[in-house]
Amino acid sequence: MSTIIALIITIAITVQSYLSYKNWRKELKEEYGHDELGAGDNFLYIKYLTTIISGVIGIIILIIRFILYGNENSR
């Protein structure tokens with residue numbers, strides 16, 4: 001898979017996870033009237049946060065790889 005394709009996929013997954021997180025927080029606010037996390041919400045919060053952070057790190061790594069090696073196929 002070329003670096004550009006991997007970068008596009010990583011960006012798409014990261015953006016989708018961020019939008020899911022924003023929608024989840026909005027639903028919490030509509031349902032409970034506040035934006036504070038309850039006892040059972042920590043798992044979802046950690047899941048979204050981990051996915052977003054991993055995506056950003058992946059994007060940074062792929063950009064550095066693209067700068068260093070170009071758009072070569074992974075071997």
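All heavy atoms count here, side chains included; hydrogens, waters and symmetry mates do not.
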K.L.:
Mind checking what makes side-chain contact (heavy atoms from CB on, under 4.5 Å) contact with Y45, not counting sequence neighbours?
P.N.:
Y21, W24, R25, L37, L49
K.L.:
To the closest 0.5 Å, what do you measure between OH (Y48) and OG (S20)?
P.N.:
5.0 Å
K.L.:
For E27, give me all partners under side chain to side chain donor-acceptor pair (under 3.5 Å), at least two apart in sequence or on another chain.
P.N.:
N23
K.L.:
Residues two or more places apart in sequence or in another chain: which of them pass side chain to side chain donor-acceptor pair (under 3.5 Å) with N42?
P.N.:
none
K.L.:
What's the spacing between L7 CG and I59 CD1 if we round to 0.5 Å?
P.N.:
6.5 Å
K.L.:
State the CD1-CG distance between I11 and L62, to the nearest 0.5 angstrom.
P.N.:
8.5 Å
K.L.:
Among all residues two or more places apart in sequence or in another chain, which pass the side-chain contact (heavy atoms from CB on, under 4.5 Å) test with I8?
P.N.:
I4
K.L.:
For T10 and T14, which heavy atoms make the closest approach, and how far apart are they?
P.N.:
O-OG1, 2.8 Å
K.L.:
Under the side-chain contact (heavy atoms from CB on, under 4.5 Å) test, which residues partner I9, sequence neighbours left out?
P.N.:
M1, I5, I13
K.L.:
To the nearest 0.5 Å, what is the distance between CG on L28 and CG on L44?
P.N.:
8.5 Å
K.L.:
Who passes side-chain contact (heavy atoms from CB on, under 4.5 Å) against S54, sequence neighbours left out?
P.N.:
T50
